[in-house]
Amino acid sequence: MDEKGPYIKQQGEGESLYSRLWKQTLDEVQRMSGMVWTDYNVHDPGVTLMDIATNALVETDYKLGFPHQDYLTGENGEFKPERFGFYRPVEVYTTAPVTTEDYRKLFFSHIPDLENIWLDADPATGGYTIRAVLSPFEGNPETIRQQIETIYQSHRNLCEHLDRVEISQPEELEFHADFEIEPGKDATLILATVYWTILRYLSGAVRILTPDDQKAAGVSPENWLEGSEDAIRVEIPELQNTEYELYKQLRAVDGIRSFSTCYLMKDGEPQSYFTQGFSLKIPKKEEELTACIRCGRSVMRVDVDKFLTLLEGFYHTKGRIREMKNEQKKYDWGIPQSTYRDIFTHYPLTKDFPACYRFSCNQDSSSSFETYLKLYDKVIKDGLEEVKTLPSLLSIMNETEPPAKTIYEQKSCYLDFLDQLYGVESYPDWMKESGGYGDTKEEILHRRMDFLQNIARLTKNRAGARNITDSDGEENIIVVKEWFCRMMGINRNENRPVGNVLPGHNLILMKTDEKDKRFRDKLTSRLIYEKMSYTENVQIVYPEPLPEDKKEKLEQYSMLRKELPVFNHNFISSGLFRGGICLDNYRIVQAAENEYMLVFHDREEDSWMNLGRTDDKEQLNLLANILRRYLLELNRASETLYIIEPVLSDIKHPFTLQLVLPGWTARFHAPRFRESCRELLRILLPAHLTGTVYWLDTASMQEFEDCYLLWKKALARQYKDDAEILQSHIDEILEKAEYKQLLDDTN
């Protein structure tokens, strides 16, 4: 329909899709039939088919011509872009504070009572000194100090720390002036406005703007949100801080006709530049007034009490406006309009033919012509069905969807597209090469989707550090750690120590260099080698589906411990723990008539070990599958990453990180995988930071995690001496690491 009126615009000849399709079809039929078919009247079955098929194509084109978001809208009429990996402006255009100016804006947008604030960063240590100036009517500096510390600690970046917060009162200037006002104007109000204008100028003339202001200004969301932490925009104007610039603003005060004199005095000397930061002395008594206000030849009297009340009202009004604007941090920037379209039904072509064609409803007795028409219908139906599955195909939420094996390639391609859109890799090649832990296609998809659900926040806050005032927050972790753990699909909860995973299952990991271990393995291997020399005695272990129900899994693990003698003691070899996740390392060997052994190939020591013996080889096959899954879960649960900022407890180690990982799992034990992890961490971390990657064994990790927990608590409680002692203990533990890598290693 035409936008200017409620009528349908008539198309010219040949403009409609129907006309174009009809002509193309007719031309093609004529070309293919040559001289055979010469009758093109409407009674011809071929013409009838052309007409019906063309209408079906036109209808399909209509169904596929709506805006893209309509096909992603549910029956409830809701379109949620984040479900498909598309984020709202406030999520993708905002940035975390990085520069001192960013931090200033952050504080202004959160603390209405700030008059001004400055930050000085120590380039040698990364420590910040924050100097804040409160309004003349603010009475509780300690409250503001606590607010500043809280906001800073929740937004700081890696290896930054807060040295101190100073609440200061700058030097006060005296306002000396002689000016004339317009008749009928209130001298007291004008003087209060003049003082308010000077105070605002000296404090930086900061403006707090809301998205409503953005609408009025017509600024695009990406420009409005640039450099902002949320929807609130803070503007700190570039001031010259000169008497001329201030005088221009004073001349614009409503009611002032002219100035005879106008000075800001310090110790009796006029000041021309205000860059060092000043405030204004506010007269409390009439004799303290240093401004003379005239109206014609009359000198106007000022009511000092009213003057103070008005000036304080300006401040409280400004503070209240800031509070109201700060409440608009969350703002609905809107999403594209969408409508649910129920377009997925298709009217069969056979039902459009006249009854004289006598098409059968019975599929088995269909004529070849009718079968052809049904095939045509199937093509259209299949196309509409693909459109219907688009929301499920493009969704990155962990929701019910078709089996991943039917859509894995398509969904993987879409996730690859999102990777390119946000400039990340949710599944890099080196992870594919490692094979993970035998992850299924569904598990890989869910891990990638979880990562991409958080990519906007992770990208924005990539340099973000942990809030050290909160030692127990489950999600209070360094952003690089969250990025690493989400991408790898491993534990990121620092309240669940990985050093206790194996002890929690009554297992002790044996080292490969343990005394007499190799000799014992040789003894247990002789019988296996003898039996395996005959290939007819050896059978591979084939994969079996295992229940996902938690109760059934626990029952199987209980059976595992009862049936396999290898669990008669608490020790488990490193080779079995790591290599046991691969089903190819298991074999079923016939030891005697109706007697079978489940054996395992320890590739780390090139030996075979007997895991158990029974007369039921099917049970041994099942036990091998259960054992493999059990070890997979233990390996995955044992992986995590810790990042320590030593500068928080000792400023002699600035811009240095300690990155701690477990070195005993299947992936984290492999040298190539370790190198890939180091390279990833180097890419994620800011370029000016350096450090060392430490790979610990189980005993060292337990000791480290105990110290790390105490270290976090000492920092939260500001026990600096305790934190320094604990840091030295951590350093001693890390020095004994089985493997170390420099973060910036170029070899």
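All values derive from a computational prediction rather than experimental measurement.
- Side chains of E675 and Q741: a donor-acceptor N/O pair is present below 3.5 angstrom, by distance only.
- Looking only at side-chain heavy atoms (C-beta outward), I733 and V660 stay at 4.5 Å or farther from each other.
- A search for ring-ring contact (aromatic ring centres under 6.0 Å, His included) contacts involving Y642 returns F704, Y708, not counting sequence neighbours.
- Listed here is the closest heavy atom pair of T656 and P646: O-CD, 3.0 Å.
- Among residues two or more places apart in sequence or in another chain, the side chain to side chain contact (heavy atoms under 4.5 Å, CB included) test is passed with K80 by E78, E82, R83.
- With hydrogens and angles ignored, the 3.5 Å screen pairs a side-chain donor or acceptor of K411 with a backbone N or O of L393.
- Taking 4.5 Å as the limit, some side-chain heavy atom of F86 sits within range of a side-chain heavy atom of L421.
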Residues L648, W711; criterion side chain to side chain contact (heavy atoms under 4.5 Å, CB included); working and verdict: CA-CA 10 Å; L648 297 178; W711 178 74; 4.2 Å; yes
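- Pairs of residues two or more places apart, or lying in two chains, that qualify as salt bridge (charged side-chain N to carboxylate O under 4.0 Å, His left out) and include a residue from residues 488-498 are E475-R492, K481-E494, E494-K712.
- The structure places CG of L641 at 5.0 Å from CG of L661, a figure rounded to the nearest 0.5 Å.
- The closest donor-acceptor contact from the side chain of K441 to the backbone of E409 lies at 3.5 Å or more, if one exists at all.
- Ring geometry for Y586 against F600 counts as tilted: the plane angle lies between 30° and 60°, on a 0 to 90° scale.
- Under the 30°/60° scheme for interplanar angles, the aromatic rings of H688 and F655 are found to stand perpendicular.
- A donor-acceptor pair is defined here as one N or O able to donate and one able to accept, closer than 3.5 Å; such a pair exists between the side chain of T389 and the backbone of E386.
- Side-chain polar atoms of Y630 and H505 form a donor-acceptor pair below 3.5 angstrom.
- Side-chain polar atoms of S426 and D419 form a donor-acceptor pair below 3.5 angstrom.
- The ring pair (Phe, Tyr, Trp, His ring centres under 6.0 Å) test with F668 singles out one residue from Y694, F577, W695, and that residue is W695.
- Rounded to the nearest 0.5 Å, atoms CZ (R462) and CD1 (I478) are 15.0 Å apart.
- Of all heavy-atom pairs spanning L158 and P686, the tightest one is CD1-CD, 4.4 Å.
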Side chain to side chain contact (heavy atoms under 4.5 Å, CB included) evaluation trace for T614 with E563: CA-CA 9 Å; T614 180; E563 297 296 333; 5.9 Å; no
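- Looking at W664 and L502, their side chains come closer than 4.5 Å, going by heavy atoms from C-beta outward.
- Atom CD of E433 is separated from atom OG of S676 by 7.5 Å, given to the nearest 0.5 angstrom.
- Here the CG-CZ distance, from L620 to R587, works out to 14.5 Å after rounding to the nearest 0.5 Å.
- The nearest pair of heavy atoms linking L631 to G580 is CD1-CA, 3.6 Å.
- For H569, the NE2 atom counts as densely surrounded, since its 6.0 Å shell holds more than 12 non-hydrogen atoms of other residues, nucleotides or ligands.
- Side chains of L458 and Y422 form no contact here, defined as non-hydrogen atoms less than 4.5 Å apart.
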Salt bridge (Lys or Arg N to Asp or Glu O under 4.0 Å) assessment of D450 paired with R447: CA-CA 5 Å; D450 174 75; R447 186 175 68 241; over 6 Å; no
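- R613 places no side-chain N or O within donor-acceptor distance of the main-chain N or O of Y596, the cut-off being under 3.5 Å.
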Test side chain to side chain contact (heavy atoms under 4.5 Å, CB included) applied to D706 and L710, step by step: CA-CA 7 Å; D706 290 341; L710 295 173; 5.7 Å; no
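- Under the salt bridge (charged side-chain N to carboxylate O under 4.0 Å, His left out) criterion, the residue pairs touching residues 633-645 are R156-E645, D439-R636, K553-E633, E639-R667, with sequence neighbours excluded.
- Closest non-hydrogen pair, L564 versus G612, comes out as CD2-CA, 4.2 Å.
- Remark: side-chain polar atoms of N585 are paired, donor with acceptor, to backbone N or O of G579 under 3.5 angstrom.
- Counting only residues at least two apart or in different chains, salt bridge (charged side-chain N to carboxylate O under 4.0 Å, His left out) contacts with residues 730-742 comprise R674-E738, E735-K740.
- Between the side chain of S574 and the backbone N or O of M510 there is at least one donor-acceptor pair closer than 3.5 Å.
- Looking only at distances, a side-chain donor or acceptor of D697 sits under 3.5 Å from a matching main-chain atom of S700.
- With a 4.5 Å cut-off on side-chain heavy atoms, L623 and M559 count as touching.
- Between atom CG of residue L546 and atom CG of residue L622 there is a gap of 6.5 Å, rounded to the nearest 0.5 Å.
- For the atom pair CG of D470 and CG of N476, the computed distance is 4.5 Å after rounding to the nearest 0.5 Å.
- Considering only heavy atoms from C-beta on, S412 comes within 4.5 Å of R448 through its side chain.
- Counting only distance, with no hydrogens or angles, the side chain of H601 and the backbone of W608 share no donor-acceptor pair below 3.5 Å.
- Taking 4.5 Å as the limit, some side-chain heavy atom of L680 sits within range of a side-chain heavy atom of W430.
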Verdict with supporting geometry, I455 and W483, side chain to side chain contact (heavy atoms under 4.5 Å, CB included): CA-CA 8 Å; I455 192 57; W483 184 305; 4.0 Å; yes
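- In terms of the side chain to side chain donor-acceptor pair (under 3.5 Å) criterion, N625 has no residue partners (sequence neighbours excluded).
- What you find for N491 and C485 is that their closest heavy atoms are O-SG, 3.5 Å.
- A salt bridge links K652 and D650; the closest N-O separation between the charged side-chain nitrogens and carboxylate oxygens is under 4.0 Å.
- Listed here is the closest heavy atom pair of G691 and D744: N-OD2, 4.5 Å.
- Enclosure of atom CD1 in I508 by more than 12 non-hydrogen atoms of other residues, nucleotides or ligands within 6.0 angstrom is indicated.
- Looking at Q453 and R486, their side chains never come closer than 4.5 Å, going by heavy atoms from C-beta outward.
- Between the side chain of Q702 and the main chain of G499, a donor-acceptor pair closer than 3.5 Å is present.
- Using modelled atom types, no side-chain atom of N635 and backbone atom of R578 make a donor-acceptor pair closer than 3.5 Å.
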